[in-house]
Amino acid sequence: GQLWSVRRLHIRSTCKHRWAAFPMDNVDCSLKLESYTLSAGELDLAWDPAEILFLDERQEVPGFELVGMKKSRTENTYPAGRWVELNLVLTFRRPCGHFVKHLYLPTGMTLAACFFSFLLSPAAIAARLLLCLQAFYFLHSLASSARAALPAIGSTTLLDQWMGASFILAFVALILNLLSYRLAKRRPGDGCFKRRDGYSLGAAKLAEAEETDLEGDGQTGGRLASVVDAVGLLLLPLLFAVFVGYYFGAN
């Protein structure tokens, strides 16, 4: 008679990554089963109608969770005859919990600190610029650490879109801070800086004057600086909220 033996096999499957959707991507791993000696007339392969695969807590794939399974059966015709082929496609999804805690929330908090710089006085330009520049540095660190999980690919990912939008908003906040400062220190006349006692100051003593006697012209410059601060404090967070809603809603 014939003796059928069942062996446990460790198979390394090929998987198709959708890097453009990283870190919200799915991974499809395919597996093909086909005899290389027995044709369809000698061996007929078919899937069991019952569930063929399950993963318990001890069999979880690190960094992924199984979300779909597709099985199919095909017959291939070769010069030597017909062979039956079984196909299995496992779909894994990358959980976003890690990226929410270590990427999305820190990015939002960093941009919030950058936006809050508009609550400071225009005279405190050093503190304003420090918040924006620290935001740039921290965003660059986040992007580098998240990008380290990717291979060297040339396509644009969702991660690049997120970090790119964050960098743009931080840069706009930096420009608006500089504009608010420039408008707040406007003076009528020849453009020199004046103290409250009426004496002119040269550029060498500008820093000392800004700490104590910086004031707008009371009419145009102060109002324009307030408008710029209001735009930065209200419009930039609104744009970021709209982008977050589109980013997570569309993906």
How far apart are the C-alpha atoms of T156 and Q161, what are their side-chain angles, what is the distance that settles it, and do they pass the side-chain contact (heavy atoms from CB on, under 4.5 Å) test? CA-CA 7 Å; T156 301; Q161 297 178 17; 4.3 Å; yes
So salt bridge (charged side-chain N to carboxylate O under 4.0 Å, His left out) across residues 228-251, not counting sequence neighbours, yields R128-D229
Contacts of E65 meeting salt bridge (Lys or Arg N to Asp or Glu O under 4.0 Å) (sequence neighbours excluded), chain-then-number -> R93
* **Linked, directly or transitively: F118 and L130 (ILVMFWY side chains, under 4.5 Å)** => no
Please check if the side chain of W83 supplies one atom and the backbone of Y36 the other of a donor-acceptor pair under 3.5 Å. no
Does some side-chain heavy atom of M24 sit less than 4.5 Å from a side-chain heavy atom of C96?
yes
>> Could you check whether any side-chain N or O of S180 sits under 3.5 Å from a backbone N or O of L176, counting only pairs where one atom can act as donor and the other as acceptor?
In response: no
| query | Are F171 and F167 connected, step by step, through hydrophobic side chains (Ile, Leu, Val, Met, Phe, Trp, Tyr) whose heavy atoms are closer than 4.5 Å? | reply | yes
Heavy atoms of T91 and L66 approach each other most closely as O-CD1, 3.4 Å
ask   = More than 12 foreign heavy atoms under 6.0 Å from OH of Y78: is that the case here?
value = yes
CG of L179 to CG of L174, rounded to nearest 0.5 Å, is 11.5 Å
To the nearest 0.5 Å, atom OG of S39 lies from atom CD of E75 at 10.5 Å
CG of L45 to CD of E34, rounded to nearest 0.5 Å, is 8.5 Å
Margin query: If the threshold is 4.0 Å, N to carboxylate O, is there a salt bridge linking R73 and D44?
Written below: yes
R18 meets the salt bridge (Lys or Arg N to Asp or Glu O under 4.0 Å) criterion, sequence neighbours left out, with D28
Discussion item. Tell me whether M109 shares a hydrophobic cluster with F138, the cluster being built from Ile, Leu, Val, Met, Phe, Trp, Tyr side chains joined at under 4.5 Å.
Written reply: no
Output for pair (L86 CG, T74 OG1), nearest 0.5 Å, gives 8.0 Å
The reported gap from CG in L31 to OG in S13 (rounded to nearest 0.5 angstrom) is 5.5 Å
Could you please spell out the steps behind the side-chain contact (heavy atoms from CB on, under 4.5 Å) verdict for L88 and M69?
CA-CA 7 Å; L88 177 66; M69 178 177 57; 3.6 Å; yes
Notebook entry, point to check: Between F64 and V27, does a side-chain contact (heavy atoms from CB on, under 4.5 Å) hold up when you go through it step by step?
Noted result: CA-CA 9 Å; F64 293 93; V27 180; 3.5 Å; yes
Contacts satisfying salt bridge (charged side-chain N to carboxylate O under 4.0 Å, His left out) that involve residues 145-159 (not counting sequence neighbours) are R147-D160
Nearest heavy-atom contact between S166 and T107 is OG-CG2, 3.2 Å
Above 12 or not: heavy atoms from other molecules or residues under 6.0 Å from NE2 of H140? no
More than 12 heavy atoms from other groups under 6.0 Å of CZ on F116 = no
Scanning both residues in full, the closest heavy-atom pair of L233 with F115 reads CD1-O, 3.7 Å
I'd like to know if the side chain of N177 pairs up with that of S117 as donor and acceptor (distance under 3.5 Å, no hydrogens or angles considered). yes
Sequence neighbours excluded, the answer for ring-ring contact (aromatic ring centres under 6.0 Å, His included) partners of Y104 is W162, Y247, F248
- Query: Going hydrophobic residue to hydrophobic residue with side-chain gaps under 4.5 angstrom, can you get from I168 over to V231?
  - Reply: yes
On a heavy-atom basis, the closest approach of P106 and V100 is CD-O, 4.0 Å
L139 vs L111, side-chain contact (heavy atoms from CB on, under 4.5 Å): CA-CA, chis, key distance, verdict
CA-CA 9 Å; L139 289 176; L111 289 178; 4.2 Å; yes
- request: Indicate yes or no: at least one non-hydrogen side-chain atom of L103 is less than 4.5 angstrom from one of L159.
  value: yes
When every non-hydrogen atom of L142 is compared with those of S145, the smallest separation belongs to O-OG, 2.9 Å
Between the CZ atom in F243 and the CG atom in L238, the distance rounded to the nearest 0.5 Å is 14.0 Å
Using the rule that Ile, Leu, Val, Met, Phe, Trp and Tyr join whenever any side-chain heavy atoms are under 4.5 Å apart, tell me whether L169 and L105 fall into a single cluster. yes
Those residues at least two apart in sequence (or on a different chain) that pass disulfide (SG to SG under 2.5 Å) with C29 are C15
What one should report as the nearest heavy-atom pair of A127 and L120 is CB-CD1, 3.8 Å
